[in-house]
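Residue numbers begin at 1 in each chain, while the letters A, B, ... track the order of the sequences.
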Amino acid sequence: MATGLSGALLRWYDAERRELPWRRTTEPYPVLVSETMLQQTTVAVVVPYFERWMTRFPTVESLALSDEETVLAQWQGLGYYRRARSLLACARLVVESGWPLTFAGWLELPGVGKYTAGAVCSICLGERVPAIDGNVERVFARVAADPSSSLKSAATTWARGLVDCNRPGDVNQALMDLGATVCRPKNPDCGACPVSRFCSAFAGGMQNSLPTPKPTKTVVQLTHEYVVPFCKGQVGVRQFGPGEWWAGLYGFPARNGEKQVTDLLTFTHTVTHHKVTASAVLVRTTKMKPHLQWKSTCELERLPMPAPHRKILNSALNAIYESGSNATGTAKVPSSAKK
DNA sequence: AACTCGGGGAT
DNA sequence: ATCCCAGAGTT
């Protein structure tokens with residue numbers, strides 16, 4: 001029987017926990033998929049990706065037998081595409097050698113760091129190891145009223161004591177649920193908090209000034225102009241190379257002085273500390289430039305593209321189908337071209 | 001320790 | 001517009 005803070009936390013968790021699709025099981029495969037998707041990504045965004053992924057790759061064997069492009073296509077739009085490659089590599093290692101049975105074994109898998117190893121081991125194996133994410137760091141900073149700018153080490157020591165019980169996986173997930181729904185970054189709901197009586201920040205009325213905010217990085221402004229080449233019903237794309245953003249994924253080439261263009265759209269997207277103002281134009285050509293890969297709309301659906309380029313593609317397909325609507329008015333925008 | 005790597009939702 | 005999210009890997 002857990003007592004004190006962890007006991008109050010678990011009682012709250014049993015009553016208030018979020019019902020999430022990956023919480024229906026403690027099998028390592030779905031748990032690893034969810035934990036990988038959740039790295040630096042919000043729960044609401046992950047849920048539909050997780051459901052689709054488990055339908056497309058229901059078992060670790062089915063994932064291991066897939067090719068990288070198919071895997072990346074399932075991941076497209078989630079960002080941090082290294083995670084998808086790591087997950088594929090994990091699947092192949094696991095099919096070869098079996099699931100790791102210890103924290104140290106999990107740490108050796110690609111894309112599995114201390115957080116993910118702790119989460120999977122505690123949830124699937126019942127190992128008493130902490131899982132320190134941004135939520136847990138924030139909860140710790142407030143409970144301990146710790147103003148430090150580097151909380152990882154102290155939060156780990158603190159959480160090690162909390163998970164030393166019969167339900168380490170639930171303690172870890174309870175801390176994250178608490179951080180996500182009650183001990184929020186802004187305006188924490190201390191009135192609804194099950195551990196407020198253990199919280200030093202609450203006692204001192206400092207919950208809104210902890211944790212200490214990190215210095216903001218300066219944002220670099222960039223402008224990217226893209227061209228969507230169109231020829232005989234096919235679209236020209238290129239694969240991003242090593243060292244480029246979105247290496248290995250597909251998208252559109254930079255505009256290079258093309259005339260006779262159709263304006264498509266202008267929008268901004270943010271890549272870490274870069275703010276890019278992107279614009280794209282459509283160019284209808286009569287020759288398929290050989291340095292590009294020419295794809296039908298059907299093939300484009302299955303191609304892994306980062307979100308901004310998928311957005312450009314959809315805009316281009318809309319423009320093409322509008323101008324190409326025939327006398328019978330039967331031309332339709334493919335469902336994949338909807339926003 | 002500092003940096004890269006995506007994208008989106010909440011405020 | 002800013003913050004920050006169930007972080008990991010590299011330099």
Looking only at side-chain N and O atoms, does [X] come under 4.0 Å of OP1 or OP2 in [N]?
{"X": "A:Q39", "N": "C:dG7", "result": "no"}
{"X": "A:H269", "N": "B:dG6", "result": "no"}
{"X": "A:T116", "N": "C:dA8", "result": "yes"}
{"X": "A:Y49", "N": "B:dG7", "result": "no"}
{"X": "A:W245", "N": "B:dC5", "result": "yes"}

Could you give the [atom1]-to-[atom2] distance, from [X] to [N], as a whole number of Å?
{"X": "A:L72", "N": "B:dC5", "atom1": "CG", "atom2": "P", "result": "16 Å"}
{"X": "A:L109", "N": "C:dG9", "atom1": "CG", "atom2": "P", "result": "10 Å"}
{"X": "A:N187", "N": "B:dT11", "atom1": "CG", "atom2": "C1'", "result": "9 Å"}
{"X": "A:E137", "N": "C:dA8", "atom1": "CD", "atom2": "C1'", "result": "14 Å"}
{"X": "A:L32", "N": "C:dG7", "atom1": "CG", "atom2": "P", "result": "14 Å"}
{"X": "A:Q40", "N": "C:dA6", "atom1": "CD", "atom2": "C1'", "result": "9 Å"}
{"X": "A:E35", "N": "C:dA8", "atom1": "CD", "atom2": "C1'", "result": "14 Å"}
{"X": "A:Q221", "N": "C:dT2", "atom1": "CD", "atom2": "C1'", "result": "14 Å"}

Checking the side chain of [X] only, and the main-chain atoms of [Y] only, is there a donor and an acceptor separated by less than 3.5 Å?
{"X": "A:R56", "Y": "A:Q74", "value": "no"}
{"X": "A:S122", "Y": "A:R128", "value": "no"}
{"X": "A:E299", "Y": "A:S296", "value": "yes"}
{"X": "A:S196", "Y": "A:A192", "value": "no"}
{"X": "A:R23", "Y": "A:R17", "value": "no"}

Could you work out which one of [options] sits closest to the side chain of [X]?
{"X": "A:M176", "options": "C:dC5, C:dA6, B:dG6", "result": "C:dA6"}
{"X": "A:T272", "options": "C:dC5, B:dG6, B:dG7", "result": "B:dG6"}
{"X": "A:D133", "options": "C:dC4, C:dG7, B:dT4", "result": "C:dG7"}
{"X": "A:T42", "options": "B:dG8, C:dG7, C:dC3", "result": "B:dG8"}
{"X": "A:P185", "options": "C:dA8, B:dT4, C:dC5", "result": "C:dC5"}
{"X": "A:V45", "options": "C:dG7, B:dG7, B:dG8", "result": "B:dG8"}
{"X": "A:V43", "options": "C:dG9, C:dA6, C:dC4", "result": "C:dA6"}

Determine the contact category for [X]: base if any of its heavy atoms lies under 4.0 Å from a base atom, sugar-phosphate if only primed atoms, P, OP1 or OP2 are that close, otherwise nothing.
{"X": "A:I123", "value": "nothing"}
{"X": "A:V46", "value": "nothing"}
{"X": "A:R138", "value": "sugar-phosphate"}
{"X": "A:K217", "value": "base"}
{"X": "A:T270", "value": "base"}
{"X": "A:A131", "value": "nothing"}
{"X": "A:P213", "value": "nothing"}
{"X": "A:G77", "value": "sugar-phosphate"}
{"X": "A:W22", "value": "base"}
{"X": "A:L78", "value": "base"}

If we take the [atom1] atom in both [N] and [M], what is their distance in whole Å?
{"N": "B:dC5", "M": "C:dC5", "atom1": "C1'", "answer": "14 Å"}
{"N": "C:dG9", "M": "B:dG8", "atom1": "C1'", "answer": "23 Å"}
{"N": "C:dT11", "M": "B:dG6", "atom1": "P", "answer": "16 Å"}
{"N": "B:dG9", "M": "C:dA8", "atom1": "C1'", "answer": "23 Å"}

Nearest heavy atom decides the nucleotide; on that basis, is A:K186 or A:L107 closer to the 5' end of DNA chain C?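 The residue closer to the strand's 5' end, by nearest nucleotide, is A:K186.
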Run A:Q76 and A:Y250 through side-chain hydrogen bond (donor to acceptor under 3.5 Å, both in side chains) and show every step you take. CA-CA 10 Å; A:Q76 64 178 314; A:Y250 294 82; over 6 Å; no
Would you say the ring centroid of A:H269 lies under 6.0 angstrom from that of A:W246?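 Under 6.0 Å, so yes.
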Charged N to carboxylate O below 4.0 Å: is that the case for A:D177 and A:R18?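 Looking at A:R18 together with A:D177, the answer is yes, because their closest N to O distance falls below 4.0 Å.
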Got a donor-acceptor pair under 3.5 Å from the side chain of A:Y80 to the base of B:dG6?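 Answer is yes: a donor-acceptor pair is held.
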